[in-house]
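Note sheet for the following structure.
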Amino acid sequence: MIIQSKNFNIKHIADSGQCFRMNQMNQDTYNLVAFGKYIELTQQGPDTIEITCSEEDYETIWKEYFDLSYQYDTIVTSLINGEDIFLREAAAYGSGLRILKQDLFEILISFIISQRKNIPAIKSCIEQLSKKYGDKINHNNQTFYTFPTPERLSNAKQSELREIGLGYRDVYILKTSQAVANGDIDLLKLKSCSNEEAMNQLKNLPGVGIKVANCVALYGLHQIDAFPIDVWIARILNDIYNNQFELEQYNGYAGIVQQYMFYYIRNKK
DNA sequence: GGCCAGGTTCTAC
DNA sequence: GTAGAACATGGC
């Protein structure tokens, strides 16, 4: 399917550190496994993307996944034309970034893994988890793997998880998966909770603190006001803004601002 | 080979 | 309530 949308850049999204299973195949094409499906995306032009999916899957999965009903263009343009010099540069540099609506359990586990790991290492762990506990997807004689369900992960052995390279996070992942699988926390219910209530419930899970909970809120619950602060964002807030950054200016879309900051500081030369 | 990575938890005041 | 250390491992 050919999708026309302003502010939709696959390369920027793939390298934005919000999703870990989007990989480059060649110059303009990336692949992705999410929600049990395999797709390829090709950037055909600044506002044109081809997705290898049926019209039905586009309407029921990918349109929402890539948040294509939301007008990022307006916000990004206002940042580019705004008074904040750093954000002007960041918005221009990362133009095309969007906040994805990803699977809650996958986001939860992925960001528990992310603590004190760099992005290549996170991706490696997630691929191995999927290969070991996910389902196979065959595509053109290649095999891909879905992200494991809570039930499958909750039945993993700690020693098996340790072999994947998860380190001390193995217990966090096991216990969190068990909490989801046995109903101690209802992830779907979080979607109808306030940010405060969702954060409180998430932070009760082992391995989930303020930053991971914010990432779940932003990338899983699509609370685009959430503003996760990791080492890179903290560095910006300190070095660029002398810890005087006024978050309130961006009420209603602070998470988008955060994403452009992160992408810019990580990728600019 | 040492430093750092999209932090959280535990301990000690 | 909050500062400081401990935590496993791999990428660069």
Side-chain angles (χ1 to χ4, degrees), chain A residues 12-24 90 93-94 97-100 102-132 147 156-179 185 198-241 243 245 247 254-269:
Chain A
H12 292 178
I13 292 171
D15 295 338
S16 70
Q18 61 175 313
C19 58
F20 301 104
R21 304 203 67 194
M22 201 177 287
N23 294 302
Q24 186 165 28
Y93 186 84
L97 278 170
R98 312 178 74 85
I99 305 292
L100 305 182
Q102 302 181 68
D103 177 75
L104 263 176
F105 182 65
E106 179 173 340
I107 282 292
L108 178 57
I109 299 299
S110 296
F111 278 95
I112 289 176
I113 293 172
S114 78
Q115 60 186 265
R116 294 193 68 73
K117 274 187 179 298
N118 56 30
I119 290 177
I122 299 165
K123 293 179 78 159
S124 167
C125 283
I126 292 173
E127 283 314 307
Q128 291 182 69
L129 264 190
S130 301
K131 194 166 186 179
K132 203 158 186 174
F147 192 84
K157 289 204 165 56
Q158 186 184 342
S159 58
E160 297 173 352
L161 294 174
R162 188 55 70 99
E163 289 169 11
I164 286 174
L166 292 168
Y168 63 88
R169 306 163 192 77
D170 55 1
V171 179
Y172 298 158
I173 288 162
L174 200 50
K175 290 194 169 175
T176 292
S177 297
Q178 289 165 354
I185 182 168
M199 294 286 286
N200 284 337
Q201 288 201 39
L202 287 166
K203 282 193 292 184
N204 276 332
L205 297 167
V208 180
I210 182 78
K211 189 270 175 181
V212 170
N214 265 301
C215 286
V216 175
L218 182 57
Y219 306 125
L221 295 169
H222 204 69
Q223 296 181 351
I224 57 171
D225 226 358
F227 193 86
I229 299 175
D230 72 317
V231 290
W232 297 91
I233 297 291
R235 222 168 271 163
I236 292 172
L237 297 183
N238 184 58
D239 298 350
I240 309 286
Y241 294 98
N243 292 320
F245 183 69
L247 193 55
I256 298 175
V257 171
Q258 183 270 161
Q259 198 61 40
Y260 278 84
M261 284 178 160
F262 182 81
Y263 182 78
Y264 184 49
I265 202 73
R266 289 286 325 282
N267 293 288
K268 72 167 178 151
K269 289 183 292 295

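Keep in mind that this is a model prediction, so the values were computed, not measured. Numbered from 1 within each chain, the chains take letters A, B, ... in sequence-line order.
If you check every strand for non-hydrogen atoms under 4.0 Å, A/I210 touches sugar and phosphate atoms only. Residue contacts shown for A/S16 include a base, since a base heavy atom lies under 4.0 Å away. Within the nucleic acid shown, A/L205 comes within 4.0 Å of sugar-phosphate atoms alone, with no base atom in reach, counting heavy atoms only.
Contact of the A/N214 side chain with the A/I210 side chain is registered, since non-hydrogen atoms from C-beta on lie closer than 4.5 Å.
A side chain to side chain contact (heavy atoms under 4.5 Å, CB included) with A/S16 is found for one member of A/Q259, A/M22, A/R98 and no other, namely A/Q259.
For the P atoms, the distance linking C/dA6 with B/dC3 amounts to 16 Å, nearest Å. The separation of C/dG10 from B/dT9, taken at their P atoms, amounts to 22 Å, rounded to a whole angstrom. Using atom P as the reference point in both B/dT11 and C/dA8, the two lie 13 Å apart (nearest Å). Comparing C/dA5 with B/dC4, their P atoms are spaced 16 Å from each other, to the whole Å. Atom C1' of C/dT9 sits at a distance of 15 Å from the matching atom of B/dG1, rounded to the whole Å.
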I'd like to know whether A/I265 forms a side chain to side chain contact (heavy atoms under 4.5 Å, CB included) with A/R235, so could you lay out the CA-CA distance, the side-chain angles of the two residues, the decisive distance to 0.1 Å, and finally the verdict. CA-CA 9 Å; A/I265 202 73; A/R235 222 168 271 163; over 6 Å; no
Between A/Y219 and A/L100, does the side chain to side chain contact (heavy atoms under 4.5 Å, CB included) criterion hold? Intermediate values first, please. CA-CA 6 Å; A/Y219 306 125; A/L100 305 182; over 6 Å; no
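Ring geometry for A/F105 versus A/F147: interplanar angle over 60°, hence perpendicular rather than tilted (30 to 60°). Classification of the A/F262-A/W232 ring pair by plane angle, with boundaries at 30° and 60°, yields perpendicular.
Residues A/P206 and A/G17 each lie close to DNA chain B; by heavy-atom proximity, the contact nearer the 5' end of the strand is made by A/G17.
Classification of A/E106 and A/R21 as a salt-bridged pair fails, no side-chain N sitting under 4.0 Å from a carboxylate O.
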Under 3.5 Å, which N/O atoms of the protein pair with N/O atoms of nucleotides 8-12 of chain C?
residue	atom	partner	partner atom	Å
C/dA8	O4'	A/Y168	N	3.3
C/dA8	N1	A/R169	NH2	3.4
C/dG11	O4'	A/N118	ND2	3.1

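Under 3.5 Å, the side chains of A/Q128 and A/S124 contain a donor-acceptor pair of N or O atoms.
Shortest non-hydrogen contact noted between A/A254 and A/L247 is CB-CD1, 3.8 Å. The two residues A/A217 and A/M199 make their nearest non-hydrogen contact at CB-SD, 4.5 Å.
Residues from residues 255-269 of chain A placing a heavy atom under 4.0 Å of any atom in DNA chain C do not occur.
A/L202 contributes atom CG, which lies 13.0 Å from atom CZ of A/F111 (distance to the nearest 0.5 angstrom).
You can see that DNA chain B meets the heavy atoms of chain A within a 4.0 Å-exclusive cut from B/dA5 to B/dT9, reading 5' to 3'.
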